[in-house]
Amino acid sequence: MRVPATNAIMRARAIAGTYVVTLAWDFQPGQEGKCDGLMGFAIERSELREGTVVERYWMRGIKRFRDKDRGLAPGTPVSTADHPIQSFQWADYTAETDHHYRYRIVPVYGAVKNLTLDEASAISLDIDTEVEFLLKSDVDNASARHDVYFNRGVIGSQAFARRFGNANPKDKSPTSEEMRWLSRGLYEALVTFIGLATDHRFALRAALYEFHYQTVANTFAKAVQAGADVKIVYDGESSYKTENERTIANAGLDQMGAVKARTVSEGIRHNKFIVLIEDGQPIAVWTGSTNVSEGGIFGHSNVGHIVWDRTVAEAYLHYWERLAENLTPTQIRQPNRAASPLPAGRPAPDSVTPVFSARDDKTSSATLQWYADRMAEAEEIVCFTVAFNIDKVFQQVLNQQNDVLRYVVKDDDLGDGEIIKADNDVLFAAGGYLGDGALANFLKERDNPLNSNDYIHDKFMLVDPLGDEPIVVSGSANFSQPSQRVNDENMLVIRGDTRVADIYFGEFMRIFDHHYARYLVKKLTETGKHDPDAGYLKVKSEDWITSHFNPQSYKSKRRRYFLGI
């Protein structure tokens, strides 16, 4: 949901997903003088139920003035009324799904220890966060409906350090406080989706790479015991084979005749999807980047994405049937291309296009180039997640000189041959966490004990997510040549669904901003330029405002693009 607001002094916009509300604001044209002496902005949030305010308080942040409120323990959140936000964009990561909030953005002036809130200029916005779970009956709607679930994916964070004391969450119960916090509904949605197969009227068809989180396997077994027809194609070839089959045996799925090993040796069996079938008709598909493993669900950043649409679900069912035949990449490429052809140019408005792999010939980059062409069409914003390497077709787009803000977040640093820094509007972040003493006033964070690739496992791209015709690409494929040529993969290309784009955009910016700060600390430390005091607010307004109005600065474009002006 997107809500604009204006008054005589300010203008603002709120963009709400399920658990994130992004706020952007600016002064009205002709009010540039309001920047003189500006110390930042305070943000007040009220929660309303049936029109009545049930909760109101100043939002809090970590950054504070160095010489104000001395003695606070590192990592202590402080009120933005006392330590204002020195930006024209901020996001509320504490929002809850299906809530009505009112945000007030208030300019703050004065001296560090004698601040004045300019209440007369304040601007307010009311917005509803998106409903998290849609009912089965919505499948009969004329257009596809989507449920999107992001885990937190930030074990290395101030919130985890503050709340759980950097405890090791490995092997904790999925119902433990730590795991519920890390899951943020992803695990619960996955087992709920499987649990919709309640009796003989239902069937499930799953294709899974890592299949070794026991409670999920047990949920599949319960569906079988309830009378549902369950069949799972799993990776029976890679190093995951042993653990997958141990989990399957512990759940009794092998004795139930519910599993089939996919033993093709070329490429990897990388899908993570489940088709829900009712009375012989496919009605929905669960897909995304989340492996059925402890690390996939609770560790690094992942998304689960449900599409309630009969046509899309049927396409996935037929794809599953090809996988169940244990076809090699050579055998499956042509059928996959025929079943999920790429559009000529942009997808049709208000469309959902599945893309199944393996599909490209061994010397072809046709599918990656199609994705890169969509990226190149962006007018304002691109958001791009990369778990591993950035292919050259994307580097070519990222290195173009233009005014498009291009955000890239990757699990690790740029490797040899990865060059994407030709344009100042390309912002790159690699996964990381704050070590001991990395920033004054910040807690030490911990590494991720649940995964080998620690941070970013999402595979999605957003093209002009805040426009009227956003494109969201999301699924299991790593935007790599093997993902299109030899791997079992699936992607969804969604055009024109602003609700889906708003959810993905808020979560992307949460992930990016989290890792960008940590990445900068790391790079500056490596070059001997790091200032541990960089985490404090500026005491002079000109020290933070200037870049937000410099046409060459990405912050100036962000101020305009996020606001929609």
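In terms of heavy-atom proximity, Phe27 sits nearest to Arg11 at O-NE, 3.5 Å. Taking both residues in full, the closest heavy atoms of Pro343 and Trp370 are given as O-NE1, 3.0 Å, listed atom of the first, atom of the second, then distance. The two residues Gly432 and Arg518 have their closest heavy-atom pair at O-CD, 3.4 Å. When all heavy atoms of Pro329 and Val486 are compared, the pair lying nearest together is CG-O, 3.5 Å. Closest of all the heavy-atom pairs between Asp488 and Ser476 is O-OG, 4.5 Å.
In this structure the side chain of Phe394 reaches within 4.5 angstrom of the side chain of Leu368, judged on heavy atoms. Here the side chains of Trp308 and Asp147 are in contact, with some heavy-atom distance below 4.5 Å. When side chains are defined from C-beta on, Thr498 counts as touching Pro470, because their heavy atoms get closer than 4.5 Å. A 4.5 Å side-chain heavy-atom check between Asp497 and His146 finds at least one atom pair inside the cut-off. Between Pro347 and Arg374, some side-chain heavy-atom pair lies under the 4.5 Å cut-off. The closest side-chain heavy-atom distance from His212 to Asn244 is below 4.5 Å. Counting heavy atoms from C-beta on, the side chains of Arg406 and Gln400 come closer than 4.5 Å. In this structure, the side chains of Leu276 and Leu204 come closer than 4.5 Å at one or more pairs of heavy atoms.
Between Tyr455 and the choices His515, His300, His514, the ring-ring contact (aromatic ring centres under 6.0 Å, His included) rule is met once, by His515. Of the options Asn302, Asp411, Thr385, Asn478, a side-chain hydrogen bond (donor to acceptor under 3.5 Å, both in side chains) to His457 is made by Asn302 and by none of the others.
Surrounding CG of Asn424 are at most 12 heavy atoms belonging to other residues, nucleotides or ligands under 6.0 Å away. For Glu379, the CD atom counts as loosely surrounded, since its 6.0 Å shell holds 12 or fewer non-hydrogen atoms of other residues, nucleotides or ligands. In this structure, Lys241 places its NZ atom where only 12 or fewer heavy-atom neighbours from other residues, nucleotides or ligands lie under 6.0 Å away.
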Report task. Evaluate side chain to side chain contact (heavy atoms under 4.5 Å, CB included) for Ile332 paired with Leu323, printing each intermediate quantity in order. Result -> CA-CA 8 Å; Ile332 205 170; Leu323 297 172; 4.0 Å; yes
Quick one, Trp320 with Asn271, criterion side chain to side chain contact (heavy atoms under 4.5 Å, CB included). Give me CA distance, side-chain angles, the key distance, then yes/no. CA-CA 10 Å; Trp320 182 91; Asn271 282 308; over 6 Å; no
**Prompt:** When you look at Tyr504 and Val148, which way does the side chain to side chain contact (heavy atoms under 4.5 Å, CB included) test go after all the steps?
**Reply:** CA-CA 8 Å; Tyr504 270 86; Val148 182; 3.7 Å; yes
Worksheet entry | Steps toward side chain to side chain donor-acceptor pair (under 3.5 Å) verdict (Thr328, Glu266) | CA-CA 7 Å; Thr328 66; Glu266 188 177 10; over 6 Å; no
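Ion pairing between a basic and an acidic side chain is recognised when a charged N comes within 4.0 Å of a carboxylate O; Lys410 and Glu418 show such pairing. Salt-bridge annotation for Lys523 and Glu526: present, with a side-chain N of the basic residue lying under 4.0 Å from a carboxylate O of the acidic one. Note on Lys459 versus Glu489: no salt bridge recorded, every NZ/NE/NH1/NH2 to OD/OE distance being 4.0 Å or above. Between Arg269 and Glu237 no salt bridge is recorded (no basic side-chain N to carboxylate O distance below 4.0 Å).
Taken to the nearest 0.5 Å, the CZ atom of Phe384 stands 5.0 Å off from the CZ atom of Phe479. Within the model, atoms CG of Leu208 and OG1 of Thr290 stand 11.5 Å from one another, a figure rounded to the nearest 0.5 Å. Distance check, rounded to the nearest 0.5 Å: CG of Leu186 to CZ of Phe150 gives 10.0 Å.
Between Tyr319 and Phe356, the gap from one ring centroid to the other is short of 6.0 Å.
Because its NZ or CZ atom is both nearer than 6.0 Å to the ring centre of Phe549 and within 45° of the ring axis, Arg559 counts as a cation-pi partner of that residue.
Using cut-offs of 30° and 60° for the angle between ring planes, the Phe88 and Trp544 rings count as tilted.
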